[in-house]
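Since the structure comes first, as structure tokens, the remarks are kept for the end.
In each ligand, atom 1 is the first atom listed, and ligand 1 is the first ligand listed. Computed from a prediction, not measured in an experiment: that's the story for all the values here.
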Amino acid sequence: MASAGRGEWSGKAGFILAAAGSAIGLGNIWRFPYTAGENGGGAFVLVYLAFVLLIGVPVVLSELSIGRFSKLNPVGAFKKLAPGTNWKWLGGLGVLTGFGILAFYSVVAGWTLSYLWGAITGQVGGVTTAAESEAAFVSLIGGSFMPLVLTAIFMALTIFVVRGGVSEGIERATKILMPTLLVVLLIMAIRSMTLEGGMAGVSYLFSPDFSKLNVGVILAALGQALFSLSLGMGAMITYGSYFPDRENLPQAGIIVAIFDTGIAFLAGLIIFPALFSVGVEPNAGPGLVFIVLPSIFSQLPAGGLFAIAFYALLSIAALTSTISLLEVVVAYFVDEKQWNRKKAALWIGVACFVLAIPSALSQGAVDIFSTSFGLGISFLDLQSIVWGNYSLSIGALGLCIFVGWKWGIPAALASLESSGHALQGHALWSFLVKYVCPVAVFAILVYIMITQQYF
Ligand code: TRP
């Protein structure tokens with residue numbers, strides 16, 4: 001068991017920065033726009049927002065309450081709160097999911113590194129047409145050498161920070177990043193919306209066409225809400241476990257959720273106007289952001305510098321997310337298996353890189369990976385859906401049942417409020433955790449099974 005020497009955040013601001021660092025990442029800037037585009041725009045966005053409020057926020061608070069109370073990794077936490085039961089497997093699923101997400105996330109994070117390099121050397125800022133930037137993207141991700149090298153570099157960076165431990169490594173990286181990222185995104189959104197034809201993108205994002213809704217869209221929105229907020233696999237249990245006892249936890253959790261959702265919307269306001277302006281289809285898939293963005297930089301004053309700033313910030317935002325993913329797995333091995341932190345970070349990172357190889361080679365390099373052995377979607381997409389949509393939804397479902405019905409709302413609330421700061425609206429929170437979240441998530445999963453619209 002670990003308590004002394006696990007480390008804790010330097011204060012509430014430290015936690016907010018670190019948790020926002022986990023939440024804000026490729027999920028907001030890469031996954032949200034392309035998922036919205038693949039699922040019809042406005043209606044998806046509305047359902048996503050509803051899930052953030054009705055499921056995301058209650059689950060954030062639930063995970064944080066478990067983390068603060070147990071001061072442990074997800075597996076240890078369930079063992080402590082429900083000793084001798086099978087609930088520990090829910091924590092185990094979370095640890096596995098963290099590993100699974102990291103194994104495709106690091107591939108995309110590797111692409112951002114390449115774009116950062118391209119921005120520094122002036123190639124990215126110089127691209128003007130969508131066709132040109134698509135050709136560049138396809139040739140980058142379809143290779144077999146570069147995607148592997150980039151993934152390896154990104155994994156090495158993640159290992160390096162996680163080796164150093166929570167407060168030093170993670171907090172320091174996010175303090176400067178978050179405010180700067182916000183400013184750069186704001187400027188880009190303004191430029192994008194004022195491009196010729198840009199307003200069509202704004203209305204695509206905000207005028208829902210409900211005929212586009214089906215259960216696949218709804219699951220995608222749920223998965224995206226959980227993914228973006230880093231929920232459903234215990235990352236917030238782990239982060240909450242380093243939260244200082246004296247600080248206001250519910251407030252910190254809600255601030256993180258607002259921040260994260262705001263950044264996703266800002267990313268939408270950058271991508272969709274630009275996309276309509278240059279004539280790319282919204283359903284272009286995982287390459288969307290990489291294809292559309294270079295054309296904005298060429299239309300900004302000092303666009304080359306902007307491109308550098310943007311890709312640098314995006315890479316760091318991705319890094320503060322991969323850190324949280326690796327951290328969950330490492331915390332498990334450190335707390336439960338008494339591994340040394342440095343050794344755990346290294347070997348888990350290396351193993352995760354091995355699992356990332358099929359995803360890295362699934363964008364054209366190796367046919368069986370491009371079709372996931374005949375399933376018809378790339379291995380990267382498959383991983384994103386399996387871990388990001390299904391596994392997180394199942395995790396969130398289990399978590400709500402645990403907090404609502406096993407551990408109990410009074411105990412969870414006592415943990416949330418243990419610093420003396422009340423959770424406003426706790427009756428609503430309790431209702432959402434006990435009834436709304438479990439019923440909604442369960443219904444969606446059952447409906448998917450019946451209709452067999454798995455992807
Ligand atoms: N939320 C991050 C993003 O949006 C990704 C991420 C980090 C994550 N840690 C997680 C997703 C834990 C699910 C669970 O980029």
Side-chain angles (χ1 to χ4, degrees), residues 17-36 48 51-52 55-56 59-60 62-64 67 73-74 90-91 93-112 154 158 161-162 166 170 173-174 177-178 181 185 220-240 253 256-257 259-268 286 289 313-332 352 383-396 398-399:
L17 284 164
S22 165
I24 297 168
L26 297 172
N28 311 60
I29 294 167
W30 162 72
R31 199 177 191 266
F32 172 73
Y34 94 76
T35 311
Y48 160 77
F51 282 145
V52 167
I55 295 183
V59 173
V60 172
S62 301
E63 286 203 20
L64 291 177
N73 67 86
L90 184 61
L93 176 69
V95 171
L96 188 69
T97 305
F99 193 79
I101 293 178
L102 182 57
F104 72 84
Y105 200 95
S106 55
V107 173
V108 181
W111 301 345
T112 67
F154 210 88
T158 308
V161 182
V162 171
V166 261
I170 304 177
T174 33
L177 161 81
M178 289 301 149
L181 181 66
L185 291 181
L222 173 64
Q224 180 57 29
L226 297 172
F227 187 91
S228 191
L229 293 168
S230 299
L231 297 177
M233 48 78 64
M236 289 299 151
I237 294 182
T238 307
Y239 272 33
V256 171
F259 242 138
D260 180 70
T261 310
I263 298 273
F265 275 86
L266 256 184
V289 178
L313 290 164
L314 185 59
S315 304
I316 302 170
L319 184 62
T320 55
S321 298
T322 54
I323 289 166
S324 78
L325 290 162
L326 185 58
E327 174 63 25
V328 172
V329 191
V330 167
Y332 165 72
C352 199
Q383 298 288 298
S384 170
I385 290 173
V386 167
W387 302 112
N389 292 352
Y390 285 100
S391 194
L392 294 181
S393 298
I394 293 167
L399 194 100

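- Less than 4.0 angstrom separates some heavy atom of N28 from each of these atoms of ligand 1: 4 (O).
- Closest protein heavy atom to atom 1 (N) of ligand 1: F227 O, 2.7 Å.
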Can you list, pair by pair, the side-chain donor-acceptor contacts under 3.5 Å of residues 103-111, counting residues two or more places apart and other chains?
unit_1 : atom_1 : unit_2 : atom_2 : d
Y105   : OH     : L26    : N      : 2.8
Y105   : OH     : S321   : OG     : 3.4
S106   : OG     : L102   : O      : 2.8

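- Between I24 and ligand 1, no pair of N/O atoms sits closer than 3.5 Å.
- Considering CG of L319 and CD1 of I323, their distance stands at 4.0 Å, rounded to 0.5 Å.
- Annotation: atom 5 (C) of ligand 1 to nearest protein heavy atom, Y105 CE1, 3.7 Å.
- The ligand atoms of ligand 1 that sit less than 4.0 angstrom from a heavy atom of G27 are 3 (C), 4 (O), 15 (O).
- Atom 2 (C) of ligand 1 has as its closest protein heavy atom S22 O, 3.1 Å.
- In terms of polar-atom proximity, defined here as any N/O pair under 3.5 Å, L226 makes no such contact with ligand 1.
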Audit row: L314, V289, side chain to side chain contact (heavy atoms under 4.5 Å, CB included) steps and yes/no: CA-CA 12 Å; L314 185 59; V289 178; 5.5 Å; no
Stepwise side chain to side chain contact (heavy atoms under 4.5 Å, CB included) test for L222 and I55: CA-CA 8 Å; L222 173 64; I55 295 183; 3.9 Å; yes
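- Counting atoms of ligand 1 from 1 in the listed order, those under 4.0 Å from a heavy atom of I101 are 13 (C).
- Side chain of N28 to main chain of D260: a donor-acceptor pair is present (N/O by atom type, distance under 3.5 Å, no hydrogens or angles).
- The closest protein non-hydrogen atom to atom 4 (O) of ligand 1 is A23 O, 2.8 Å.
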Evaluation steps, side chain to side chain contact (heavy atoms under 4.5 Å, CB included), between Y239 and S230: CA-CA 10 Å; Y239 272 33; S230 299; over 6 Å; no
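- Residue contact annotation: F32 has no non-hydrogen atom under 4.0 Å from ligand 1.
- Although no hydrogens or angles enter the test, the distance criterion places no donor-acceptor pair under 3.5 Å between the side chain of S324 and the main chain of S22.
- The nearest protein atom to atom 8 (C) of ligand 1, hydrogens excluded, is given as S230 OG, 3.5 Å; this is a heavy-atom distance.
- Residue D260 places no N or O, backbone or side chain, under 3.5 Å from any N or O of ligand 1.
- With hydrogens and angles ignored, the 3.5 Å screen pairs no side-chain donor or acceptor of R31 with any backbone N or O of F227.
- For ligand 1 and M233, the ligand atoms under 4.0 Å from any heavy atom of the residue are 12 (C), 14 (C).
- The closest donor-acceptor contact from the side chain of Q383 to the backbone of G388 lies at 3.5 Å or more, if one exists at all.
- Distance from atom 9 (N) of ligand 1 to its nearest protein heavy atom, with residue and atom name: S324 OG, 3.0 Å.
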